[in-house]
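What follows is a set of notes on a single structure, which appears directly below.
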Amino acid sequence: MNHPLVENYFRIDKFPHIWCPGCGHGIIMASIARAIEKLGLDKDKVCVVSGIGCSSRAPGYMDFNTLHTTHGRALAFATGVKLANPELEVIVISGDGDLSAIGGNHLIHAARRNIGLTTICFNNNIYGMTGGQYSPTTPTHDKGTTAPYGNIDKPFDITQLAIGAGATYAAKTTVYHVNQMDKFIESAIKHKGFSLVEAISICPTYYGRKNKKGSVVDMMTFLKDSFVDHKVAEKLPAEKKEGKFLMGEFINKIEPEYTELYDGIIESLKK
Amino acid sequence: MADNRENLTIHIKEDWCKGCGICIAFCPKQVLGFNENGKVTMLDRENCIKCGMCQLRCPDFAIFLGGKE
Ligand SMILES: Cc1ncc(C[n+]2csc(CCOP(=O)(O)OP(=O)(O)O)c2C)c(N)n1
Ligand code: SF4
Ligand code: SF4
Ligand code: SF4
Ligand SMILES: [Mg+2]
C-alpha cells in the first residue's frame, strides 16, 4: 500500500525522492498536493512551475502539467503560461535564493502586476543545492560557505517584500505548522491575483550543520517555539515577543487581476 | 483527519523512511520509535489515536493512515 496522496498526485516511479533526511521541502510539497486535493482541482488544469534548486526539484515528482525552468526565472515562465492560458491554476515553487536573489526582480514585478499566480517559497535560509552559500534570507551573523565568519547582510522578509511590491495575498508559515500551511496554500490557490505563501523550511544538511542548529528534530522544535501568529503576538506582552518571528496571513485583498485587465484591452479593441 | 478512523491504521513504508525522527518526536501519544535499521516503527498500536500528524509532517511520504489489510 502507498501513501494515498502519492497514488493520486505524484509520479510514484520517481520515489523515494532525492531530498536529504529531514529536509523540510517534502513537507511543503505534500501540503501543496493536499491543498489541490481539498480544492478538487482538475489535475490537467494545474501547472506547477519551478526554477533551479533543491526546492525546484519538486515539480519533477508532482503529477500535473509541470515546468522545471532556469534559476530565478520560474515567475517569468509562469507569467507566460498564465497569459496564454488564463484558465490554468499556475503554481510556482521557488527557493529563497531562486525567488529573492537572482529572481527578485521577477518577484516584485509579478506582485506589482497582481497576476494570478500562486507562489510557494520554500525558504530554508540558504542555497541548499549548491552547498550552503548564504542567501538573501540568511539571518545576520549566521554562517554559509560564502560567509565563513558570519553574514553581515540584513535578511529580506520575503512576505513583506511581496506585500510592499503589491501582492494581494501573502502569508508565512513553517514546516512545523502543517495544518496552517495547508490552509494558507488553499487560500492562496483560491485567491484571484498574485498570492505568496512563504513556507519556512529546514535544510539540516547545510544551514543546520553550518550553524550548529542540532538535529532535524531540534530544527523543527525551533520553528515550533519561535514562530507566533501575528494576531496572537499583538496581545502578548513585550517580553514574550522577544526573539519570536511572526507568521500568519498578512494580507488578503481583492484588486483587478492582470490577465483579466489584459483580456479587457483585447476585447475593447475588437469593437 | 480521516472520516472513518475505525477502519484506519498506521502504515509504514520502510524503504522510503530516511529515519529523520520527525514523526517520532512530535507524535502526541509517543507511540512511534526507531527499529534496529534506524527506521520508524510502531511501538504501541493500541494507543495510536490516528490523528495523522505523523503523516502530515513526514517529508518522505513514508508513514500514513490507510485501511486495515
Ligand atoms: C544562472 C544560474 N546561476 C547560478 C546557478 C547555481 N545555482 C543552482 S541552485 C542555486 C541556489 C539554490 O538555492 P535556493 O533557491 O534557495 O534553493 P534550495 O536549494 O535552497 O532549495 C544556485 C545559485 C544556476 N543553476 N544558474
Ligand atoms: S541540501 Fe538542504 S535543501 Fe537540499 S535536499 Fe539537502 S537538506 Fe534539503
Ligand atoms: S496517527 Fe497520531 S498518534 Fe498515531 S502514530 Fe501518528 S502521530 Fe502518533
Ligand atoms: S518522518 Fe518519515 S522519514 Fe522521518 S522517521 Fe518518520 S517515517 Fe521516517
Ligand atoms: Mg534555499
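Within every chain, numbering begins at 1; the chains are lettered A, B, ... in the order of the sequence lines, protein sequences first and strands thereafter.
Among residue pairs with one or both ends in residues 36-60 of chain A, none qualify as ring pair (Phe, Tyr, Trp, His ring centres under 6.0 Å); sequence neighbours excluded. Every pair passing ring pair (Phe, Tyr, Trp, His ring centres under 6.0 Å) that includes a residue from residues 20-54 of chain B is listed here, sequence neighbours excluded: A:Tyr176-B:Phe26.
When the heavy atoms of residues 205-220 of chain A are compared with those of chain B, the residues falling under 4.5 Å are A:Val216, A:Val217, A:Met220, listed by number. For residues 15-24 of chain A, heavy-atom neighbours of chain B at less than 4.5 Å comprise A:Phe15, A:Pro16, A:His17, A:Ile18, A:Trp19, A:Cys20, A:Pro21, A:Gly22, A:Cys23, sorted by residue number.
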### Task
Walk me through it: do B:Lys39 and B:Glu14 pass the test salt bridge (charged side-chain N to carboxylate O under 4.0 Å, His left out)?
CA-CA 7 Å; B:Lys39 309 281 183 119; B:Glu14 199 179 314; 5.4 Å; no

### Message
Determine whether A:Lys244 and A:Asp225 satisfy the following criterion, salt bridge (charged side-chain N to carboxylate O under 4.0 Å, His left out), listing intermediate values before the conclusion.
### Response
CA-CA 8 Å; A:Lys244 302 279 189 206; A:Asp225 295 341; over 6 Å; no

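A:Asp96 and A:Ser135 form a side-chain donor-acceptor contact under 3.5 Å, judged by distance and modelled atom types alone. Side-chain polar atoms of A:Ser201 and A:Asn123 form no donor-acceptor pair below 3.5 angstrom.
B:Gln55 is listed as a side-chain neighbour of B:Leu65, based on a closest heavy-atom distance under 4.5 Å.
A pairwise comparison of heavy atoms in A:Gly72 and A:Asp98 identifies N-OD1, 2.6 Å as the closest pair.
Contacts between B:Cys17 and chain A at a heavy-atom distance below 4.5 Å are absent for every atom of the residue. At a 4.5 Å heavy-atom cutoff, the contact between B:Ile63 and chain A is made by backbone atoms alone.
Considering only heavy-atom pairs separated by less than 4.5 Å from chain A, the leading option among B:His11, B:Arg57, B:Lys18 is B:Arg57.
A 6.0 Å sphere centred on NZ of A:Lys43 holds more than 12 heavy atoms belonging to other residues, nucleotides or ligands.
Annotation: the span from A:Glu198 atom CD to A:Ile158 atom CD1 amounts to 5.0 Å, rounded to 0.5 Å.
For an aromatic pair to be called close, the ring centres must be under 6.0 Å apart, and A:Phe10 with A:Tyr61 fails this.
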